[in-house]
Number of protein chains: 2
Amino acid sequence: MTGKPASNRVYLVYVKDEEAGMSGQEKRKTRDAEATKKRIMQAAKKEFAKHGLAGARVDEIAERAKANKRMIYHYFGSKEDLFQAVLEEAYLDIRTAEQKLDLEALPPDEALERLVRFTWNYYLKNPEFITLVNSENLHRARHLKKSERIKIASRKFVGMMDGLLDRGVKEGVFRPGIDATQLNITIAAIGYYYLTNRFTAAIVFERDMMAKDALEERLAFNIDTVMRLVKV
Amino acid sequence: MTGKPASNRVYLVYVKDEEAGMSGQEKRKTRDAEATKKRIMQAAKKEFAKHGLAGARVDEIAERAKANKRMIYHYFGSKEDLFQAVLEEAYLDIRTAEQKLDLEALPPDEALERLVRFTWNYYLKNPEFITLVNSENLHRARHLKKSERIKIASRKFVGMMDGLLDRGVKEGVFRPGIDATQLNITIAAIGYYYLTNRFTAAIVFERDMMAKDALEERLAFNIDTVMRLVKV
DNA sequence: TAACGAAGTAACCAGTTAGTGCGTTAATTG
DNA sequence: CAATTAACGCACTAACTGGTTACTTCGTTA
């Protein structure tokens, strides 16, 4: 009736996570902002990859990350901002891995084959990347547009391919006049399409697209395709 | 107080759609199940293509179709069933168009080029197809799996390609040993990937992917890629 | 022409979902 | 060690959304 009404909320005491017999796993520290952020990012990557931006559920991400939903909003601001963070990290990861291929140290044709193999294997081992990119394109690259870091990393990547093609032409192993962008897109396409559309393709072609020999056959076919395209 | 309470709903009188000066367009009949169904399908195709299955809004579809939401559930049962209907129609449409190409009447190399051109142009003119397929793959082809009609149409399509390759080998214009499925996937991939990922690609490659000359360049590159792949 | 089934409609509902208010608890620092 | 700061958590809500109820009205046909 008078003054402030007493809070009717009930708060539980923190439960120590030292459950008996649960050792072996490194014990989660009680407070660790970076670790929590990382767990949220990982969980979000999975969830966004599985259901797309619209289909993903923030509650699900929180649960998977073993974090409170409030933390997501604390660290990332909104569902969309979280998506953007996840997407940016995914792009940066593949671009970084590409830089590590050290293609400059190899003869042009070997370098190109290595790139085709790498691209294929990266998609294969990081299926979330493909789905995230699909989602982002459904949203007309609205999020990627904002990332300056991605633009810089992309330029470096395109430059690397330009250099590789030039070198191949100079050494007489590649025919001249090939556009680096077109080649890049093709290398990505022949792997990406196979993997992203493997479910519908399995029905159309009545094959198990993910069988070990099917995957090997595809990689060999793709290398062949690219080599026939560039060789003199 | 007693007996049935009177309905408190207010019903509006049907509004005749003979708005002054709106002629020229063929007047919509007051009752036309087929037309309504078709409008719903078209609206759904747009909405699903634009936002994906999860992102699409049934209310939006109803509005765009100028139909009542109840009609969607009356004709299609559920949002998912509507998606399935739209997807099936989309697949049937491209498979039908392919059959009409009459590739058997052409020399093998010309037939193949025609198919590459057709595939590219079909994707270009039917952007919803690509996005629907992406959505369906996000859902692991859950809906397509149920469609027997698609399976039959697919078999016919694969058979056509098999025949074309065989004929090319016999006539000595194609090299032997090419797998029809791999080739098919590649033909689709190099067009599909370019178009579906045009938004992120525009950022990575800093190009306008949809500029007229960019599109022409890509088609030429794709034809070249396929021809180098199959020719002896 | 009465009557019946199909086409059409608006209001409603129950469950979901992104996002918050407001509090507690652990770590850090003066 | 007191005070401040940052991490964390529960309960809640406003808006949304797929689906339904309960009707009206049109077109056809027995």
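Order of the sequence lines sets the chain letters (A, B, ...), proteins ahead of strands, with each chain counted from 1.
Electrostatic pairing of A/Arg64 and A/Asp59 does not count as a salt bridge here, judged by no charged N lying under 4.0 Å from a carboxylate O. A salt bridge links A/Glu216 to A/Lys212: one of the charged nitrogens lies within less than 4.0 Å of a carboxylate oxygen. The existence of a salt bridge linking B/Glu47 and B/Lys50 is excluded, since no basic side-chain nitrogen approaches an acidic carboxylate oxygen closer than 4.0 Å.
Between B/Tyr75 and C/dG8, a side-chain N or O to OP1/OP2 separation shorter than 4.0 Å is present. Listed pair B/Thr36 / C/dG8 meets the phosphate criterion, a side-chain N or O lying under 4.0 Å from OP1 or OP2.
In this structure, NZ of A/Lys66 is placed 13 Å from P of D/dG9, rounded to the nearest angstrom. A/His74 has its NE2 atom 18 Å from the C1' atom of C/dA18, to the nearest Å. Atom-to-atom, CG of B/Asn68 to C1' of D/dC23 comes out at 12 Å; the value is rounded to the nearest Å. Straight-line distance from the CZ atom of A/Arg57 to the C1' atom of C/dT16: 8 Å, rounded to whole Å. Taking atom CE of residue A/Met71 and atom C1' of nucleotide C/dG19, one finds them 14 Å apart after rounding to whole Å. Note: CG (B/Asp59) to P (D/dA15) measures 17 Å, nearest angstrom. At whole-Å resolution of the value, CG in B/Leu82 and P in D/dT17 are 16 Å apart. Put simply, CZ on A/Arg39 is 12 Å from C1' on D/dA7, counting in whole angstrom units.
Here A/Phe76 lies out of heavy-atom contact (under 4.0 Å) with every strand. Looking at heavy-atom distances under 4.0 Å, B/Ala56 makes contact with sugar-phosphate atoms alone, never a base.
Between the side chain of B/Lys79 and the base of D/dG19, no donor-acceptor pair of N or O atoms lies under 3.5 Å. Contact annotation: side chain of A/Arg70 to base of C/dG23, donor-acceptor pair absent below 3.5 Å. Counting atom types as modelled, A/Lys69 pairs no side-chain N or O with a base atom of D/dG9 as donor and acceptor under 3.5 Å.
Ring geometry, B/Phe205 versus A/Phe157: the interplanar angle falls from 30° to 60°, so the pair is classed tilted.
Paired with A/Glu88 under the rule salt bridge (charged side-chain N to carboxylate O under 4.0 Å, His left out), one option of A/Lys145, A/Arg149, A/Lys151 passes, and it is A/Arg149.
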